[in-house]
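Here's the structure, in structure tokens; my notes come after.
Given the structure is predicted, the values throughout are model-derived calculations rather than measurements. Position 1 is the first residue of the sequence; numbering continues from there. Side chains are part of it too, since the values below use all heavy atoms of this structure and drop only hydrogens, waters and symmetry mates.
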Amino acid sequence: MVSLLDGSVVACSGVTVLLVAAGMWLPAAGGTVPLTKAFGWHPVLMALAFPGFMTTGRWVYMAENLGSKLERRSVHRATMLLAVAAMLMGYICIFLAHWPTRQFFGYDFRNGKWKPLLRVIHVWLGYPAMVLVLSQMVMGLRKAEALKHGRRLFTFHGKLGKAIVLFGALTMVPAICFWPWNVGLQTLLLLCVGTCAFFGGLRTAPQDKKIHNDLRASKSELQMH
């Protein structure tokens, strides 16, 4: 059964994506990028991938009230694959946008100079984040296949997933700060991204808490003996 908290997490993810889209395309919100330009799709698709699908996918896996573990695992896998697809499309968009001016890795190769610092930070956080996501996808698919045969692989998969959600949120921060939005929209976006990072990257699953508590109890018993 879906709870109010479940709905709030998904709503926060969706609102984050909508705010980025409005900031790109809606003149009333300061949007100046034409809908037909590849550049404008980059932040929207990346927001859809990280605070959007990834936060939702992790939350679905953690929320025991949303079905059996097998059902939640299937939804988690599908949502995370959608996140990877959105991320790759987002990268293709920025690659196409920067190809004519040869601007890559935060460096303007045509004019021989670096872009402003916040843009460089955003880029150099973004590339490792994408590599981690692709690695996580491969490990996740192999892990799912192994589970069908009763084997456990990549037991750190969950912890790495949380780190990737946090890394994605961190990558968005300089982009939100350097884009010429008004302070109100920037503040709202930072709050939404931070909330998504909390629920997707910091919130601990009930089953993980139970395992942690059991380990602590066992350790205490051993010390007593």
Exercise. For E145, enumerate each residue passing the salt bridge (charged side-chain N to carboxylate O under 4.0 Å, His left out) test, keeping only those at least two apart in sequence or located in another chain.
Key: K148

Return yes if some donor-acceptor pair links the side-chain N/O of [X] with the main-chain N/O of [Y] below 3.5 Å, else return no.
X    : Y    : result
R110 : P100 : yes
K162 : L202 : no
R58  : T55  : no

Quiz item: Can you name the nearest heavy-atom pair linking W114 to G106, along with the distance?
Solution: CE3-O, 3.2 Å

Are side-chain heavy atoms of [X] and [Y] found at a separation under 4.5 Å?
X    : Y    : value
R73  : Y61  : yes
L5   : W59  : yes
L141 : R77  : yes
L160 : M139 : yes
D6   : L66  : yes
M62  : R72  : no

Do [X] and [Y] land in one hydrophobic cluster if side-chain heavy atoms of ILVMFWY residues count as linked below 4.5 Å?
X    : Y    : answer
M54  : L125 : yes
M172 : V120 : yes
V173 : L166 : no
I176 : V183 : no
I164 : L82  : yes

What distance separates [X] [atom1] from [Y] [atom2], expressed to the nearest 0.5 Å?
X    : Y    : atom1 : atom2 : result
M46  : M130 : CE    : CE    : 5.5 Å
H157 : R152 : NE2   : CZ    : 12.0 Å
L188 : C192 : CG    : SG    : 4.5 Å
H76  : T56  : NE2   : OG1   : 12.0 Å

Quiz item: Are there more than 12 heavy atoms of other residues, nucleotides or ligands under 6.0 Å from atom CZ of R102?
Solution: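 It does: R102 CZ has more than 12 such atoms within range.
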
Quiz item: Is it true that atom CH2 of W124 has more than 12 heavy atoms of other residues, nucleotides or ligands lying nearer than 6.0 Å?
Solution: no

Practice problem: With sequence neighbours excluded, tell me which residues meet side-chain contact (heavy atoms from CB on, under 4.5 Å) with L4. | Solution: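 Per chain and number, L4 pairs via side-chain contact (heavy atoms from CB on, under 4.5 Å) with S8.
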
Quiz item: Residues in side-chain contact (heavy atoms from CB on, under 4.5 Å) with F178, at least two apart?
Solution: L118, R119, H122, A175

Side-chain polar contacts of residues 10-36 - donor-acceptor pairs under 3.5 angstrom, sequence neighbours left out - could you list them?
{"residue": "S13", "atom": "OG", "partner": "V9", "partner atom": "O", "Å": "3.2"}
{"residue": "S13", "atom": "OG", "partner": "P51", "partner atom": "O", "Å": "2.9"}
{"residue": "T16", "atom": "OG1", "partner": "C12", "partner atom": "O", "Å": "2.8"}

Quiz item: In terms of ring plane angle, is the pair F109 and Y107 parallel, tilted or perpendicular, where the classes change at 30° and 60°?
Solution: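 Ring orientation of F109 relative to Y107: perpendicular.
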
Sequence neighbours left out, cut at 3.5 Å: what donor-acceptor pairs do the side chains of residues 83-98 make with other protein atoms?
{"residue": "Y91", "atom": "OH", "partner": "Y127", "partner atom": "OH", "Å": "3.1"}
{"residue": "H98", "atom": "ND1", "partner": "Q103", "partner atom": "O", "Å": "3.3"}

Quiz item: What pairs meet the side chain to side chain donor-acceptor pair (under 3.5 Å) rule with one or both residues in residues 168-189, with sequence neighbours excluded?
Solution: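 Residue pairs with at least one partner in residues 168-189: there are none.
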
